[in-house]
There are 2 protein chains.
Amino acid sequence: MVSTHRATIQDVAVLSGLSICTVSRALRHLPNVSEREQEQVAGAAAKLGYKALAAASRPEGGRTGSLAIVAPTATSWFFAQAVEAAEEVLGDSGYDTVLISLRNQDSVRRQFFADLGNLAQRVDGLLLLTMDLVPGEVAALEACGLAIASVGMENVPWDNVAIDDEHAAWQATQHLLGLGHWDLAVLSSNEHPVATETPRFRGFKRALDEHHLTVHPDLVVCAGPSIDDGRRAMAELIARGASPTAVFAHCDEAAFGALKALREYGLSVPKNVSVIGMDNHPMSGFLGLSTVAQPVADQGAFAANLLCERLLNTETPHQPSNHLLDTKLIERKTTRHKR
Amino acid sequence: MVSTHRATIQDVAVLSGLSICTVSRALRHLPNVSEREQEQVAGAAAKLGYKALAAASRPEGGRTGSLAIVAPTATSWFFAQAVEAAEEVLGDSGYDTVLISLRNQDSVRRQFFADLGNLAQRVDGLLLLTMDLVPGEVAALEACGLAIASVGMENVPWDNVAIDDEHAAWQATQHLLGLGHWDLAVLSSNEHPVATETPRFRGFKRALDEHHLTVHPDLVVCAGPSIDDGRRAMAELIARGASPTAVFAHCDEAAFGALKALREYGLSVPKNVSVIGMDNHPMSGFLGLSTVAQPVADQGAFAANLLCERLLNTETPHQPSNHLLDTKLIERKTTRHKR
DNA sequence: CTGAAAGCGCTTACAG
DNA sequence: CTGAAAGCGCTTACAG
């Protein structure tokens with residue numbers, strides 16, 4: 001009959017007839033352990049099914065073995081892809097990944113920052129996904145002493161992986177302008193805490209500038225990264241009486257929603273309105289959505305790797321690095337010359 | 001100058017002029033602490049920014065404060081929704097949620113079971129998402145001593161929340177049969193470790209049985225829960241020379257893929273082929289996909305609640321409960337009478 | 001109500 | 001190479 005309680009190092013010591021510290025050393029393959037002892041200990045530990053209780057090992061300094069991924073929301077396509085890719089890398093490096101979704105809610109976000117001090121006890125590092133931070137928040141993050149890396153952020157004092165969001169948005173907008181459109185609407189995520197929005201809007205604006213056009217406030221509408229939000233935003237735009245000939249959505253899911261709303265209002269794409277998104281979601285090909293493709297899983301995996309490296313040499317001073325991955329304009333059937 | 005090292009209970013004791021155990025009690029709001037002491041301790045702790053180091057508190061028995069969600073994959077729609085809904089509930093109950101994706105890979109799955117003993121040290125419980133378990137795995141799960149709850153599983157010795165998958169598949173199939181189709185193809189996830197497949201296939205078969213039809217092996221093809229897998233599966237079916245007049249896909253994403261493949265092969269939906277899925281994905285309305293709607297976030301949240309309750313009274317013997325949520329057939333434009 | 005003492009499971013100097 | 005002792009930060013009986 002096996003004991004109902006978990007085996008302790010004490011049990012292994014007794015069974016192997018060795019001292020508790022010899023067992024400790026043997027199990028961790030430290031020097032100064034004879035081969036015979038090594039074997040005795042291994043045997044006893046196996047028989048008892050003994051595993052060192054992580055929490056008891058140097059409770060004071062100790063690493064937790066966990067890393068947190070924090071995302072503005074976890075349900076949209078971008079985040080689900082990035083999270084799984086990152087989880088794979090972290091897992092392979094021996095870390096548990098704890099998932100923290102801010103659920104697009106300000107209250108949850110505040111809660112996160114309020115709890116940061118506690119969180120710092122429970123994880124060794126943070127992987128931030130496109131979080132739009134105010135200076136105070138950056139400071140709080142740095143002060144908590146955790147290793148940090150991020151995806152899709154700008155000017156942060158830690159390693160970051162992203163695309164050139166400004167350029168990507170410029171590409172999309174430029175494509176529309178090149179097709180003769182000048183009444184451009186934007187589905188922007190400006191009221192959401194998504195860090196990629198700022199550079200994307202900048203890119204949109206720059207493209208207009210280059211054509212001596214200005215951003216029309218009535219044609220800017222907020223949409224979260226989901227189909228429903230995109231639909232709602234486009235419907236609002238139409239109900240408002242706006243009549244753009246082309247729309248740039250900050251992500252493909254919002255673009256899908258826009259297509260839906262346009263159809264509901266009897267507007268034909270691309271005949272009446274051209275639509276372009278960003279991401280290259282797996283549905284985009286099927287729907288013929290023009291878009292700017294970005295490597296999502298790669299960004300998550302890359303940033304996760306940087307975080308792990310950071311944790312490996314935590315002593316050496318570190319110069320934050322910023323890595324930009326390529327994007328590619330994909331012209332499909334939702335964009336067409338203005339006529 | 002604040003000390004660079006984290007404050008310990010010792011520091012709080014010194015600063016407040018009280019003993020270490022009084023501090024411990026005060027901080028946890030235990031009885032037998034005078035109000036004055038309570039205040040002194042609170043003040044000192046605040047000044048020092050002291051937080052009890054979780055790892056040092058009863059390292060032996062201790063709860064970890066973490067719960068793991070394990071999913072066959074984390075990228076598909078169903079899982080992303082269920083995971084976020086569950087994460088919210090777990091978070092509100094004070095747990096960190098560690099995410100474990102099996103990434104649709106057998107090697108990762110085996111790794112998970114091999115590591116179960118270690119995992120049991122790092123979390124207090126498991127929320128299993130539609131995992132298709134062999135008896136040995138169920139036994140291993142029970143043996144690891146963790147609290148467990150699940151979504152979308154059958155006959156498991158722990159709390160489970162699901163839909164009536166057999167009935168849902170029956171509804172979808174019955175809908176097709178009622179439309180006069182009898183050459184039915186199924187995109188099944190039979191080679192994937194998804195627990196919902198078994199009852200769904202049963203429901204499919206039962207509907208055929210009721211119409212004195214039999215399942216044609218050539219019309220059964222495997223597809224994972226993704227658009228690409230659905231497309232590949234449907235393309236394979238067509239390439240194989242099969243010519244079903246209707247297809248039932250085990251989830252909407254696979255159905256989207258099927259629509260894509262059908263179009264690539266010049267087949268028109270629903271004129272030549274009817275297609276029905278399952279889920280009611282946000283894109284389904286837009287695409288006019290007929291489907292069987294199921295409440296996904298609700299299942300995740302419900303199961304998470306059951307797990308938390310389980311953890312609350314871990315002493316009392318527990319009769320596993322099984323909860324079935326409602327589904328609803330939604331007829332749209334991808335299904336039509338055979339002609 | 002309060003604190004000295006022992007203990008949780010493990011690790012780290014330090015003697016031998 | 002090996003083990004007795006002290007220690008990690010916190011909690012839990014147990015005296016007072």
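Residue numbers begin at 1 in each chain, while the letters A, B, ... track the order of the sequences.
- Whole-Å rounding puts the Q10(B) CD to dG7(D) P distance at 12 Å.
- Between the CG atom of D11(B) and the P atom of dG9(D) there is a distance of 9 Å, given to the nearest Å.
- Between I20(B) atom CD1 and dA4(C) atom P there is a gap of 10 Å when expressed in whole angstrom units.
- Of the candidate nucleotides dC1(C), dT11(C), dT12(C), dT11(C) has the atom lying nearest to any side-chain atom of I9(A).
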Side-chain atoms of residues 131-150 of chain A: list all donor-acceptor pairs with protein atoms under 3.5 Å, sequence neighbours left out, distances to 0.1 Å.
from    : atom 1 : to      : atom 2 : distance (Å)
E137(A) : OE1    : R109(A) : NH2    : 2.8
E137(A) : OE1    : V134(A) : N      : 2.9
E137(A) : OE2    : R109(A) : NE     : 3.4
E137(A) : OE2    : R109(A) : NH2    : 3.3
S150(A) : OG     : W158(A) : NE1    : 3.0
S150(A) : OG     : N160(A) : OD1    : 2.7

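- For H323(B), the ring-ring contact (aromatic ring centres under 6.0 Å, His included) partners are F302(B), not counting sequence neighbours.
- Residues satisfying the side chain to side chain donor-acceptor pair (under 3.5 Å) test with T196(B), not counting sequence neighbours, are none.
- Residue L126(B) forms a side-chain contact (heavy atoms from CB on, under 4.5 Å) with just one option from L307(B), I100(B), L119(B), and that option is L119(B).
- Between L27(A) atom CG and dT11(C) atom P the separation is 8 Å, expressed in whole Å.
- Protein atom CG of N32(B) is 6 Å distant from nucleotide atom C1' of dC1(C), rounded to whole Å.
- The side chain of L18(B) lies closest to dG3(C), out of dT12(C), dG3(C), dC1(D).
- In the set dG3(C), dC10(D), dT12(C), dT12(C) carries the atom at the smallest distance from any side-chain atom of R28(A).
- Between S24(A) and the phosphate of dT11(C), there is a side-chain N or O to OP1/OP2 separation shorter than 4.0 Å.
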Side-chain atoms of residues 111-118 of chain A: list all donor-acceptor pairs with protein atoms under 3.5 Å, sequence neighbours left out, distances to 0.1 Å.
from    : atom 1 : to      : atom 2 : distance (Å)
D115(A) : OD1    : N118(A) : ND2    : 3.0
D115(A) : OD2    : R122(A) : NH2    : 2.6

Wobble G-U and Watson-Crick pairs count when both distances are under 3.5 Å; given that, what is the 5' to 3' dot-bracket string of DNA chain D, with | for pairing to other strands?
|||.||||||||.|||
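- If you check dT11(D), dC1(C), dC1(D) against the side chain of S34(B), the one that comes closest is dC1(C).
- With dC1(C), dG9(D), dT12(D) as the candidates, the nucleotide lying closest to the side chain of T8(B) is dG9(D).
- The interatomic distance linking R36(A) (CZ) with dC1(D) (C1') rounds to 10 Å, in whole Å.
- Identified under the side chain to side chain donor-acceptor pair (under 3.5 Å) test for residues 14-27 of chain A, with sequence neighbours left out: S19(A)-T22(A), S24(A)-R28(A).
- Contact check for Q299(B) versus Q81(B): no side-chain heavy atoms found under the 4.5 Å cut-off.
- Between dC10(C), dC1(C), dT11(C), one nucleotide has an atom nearer to the side chain of Y50(A) than all others, and that is dC10(C).
- Closest approach to the T22(B) side chain among dC1(C), dG3(C), dG3(D) is made by dG3(C) (side chain taken as heavy atoms from C-beta onward).
- When distances are taken from the side chain of R25(A) to each of dC1(C), dA13(C), dC1(D), the shortest belongs to dA13(C).
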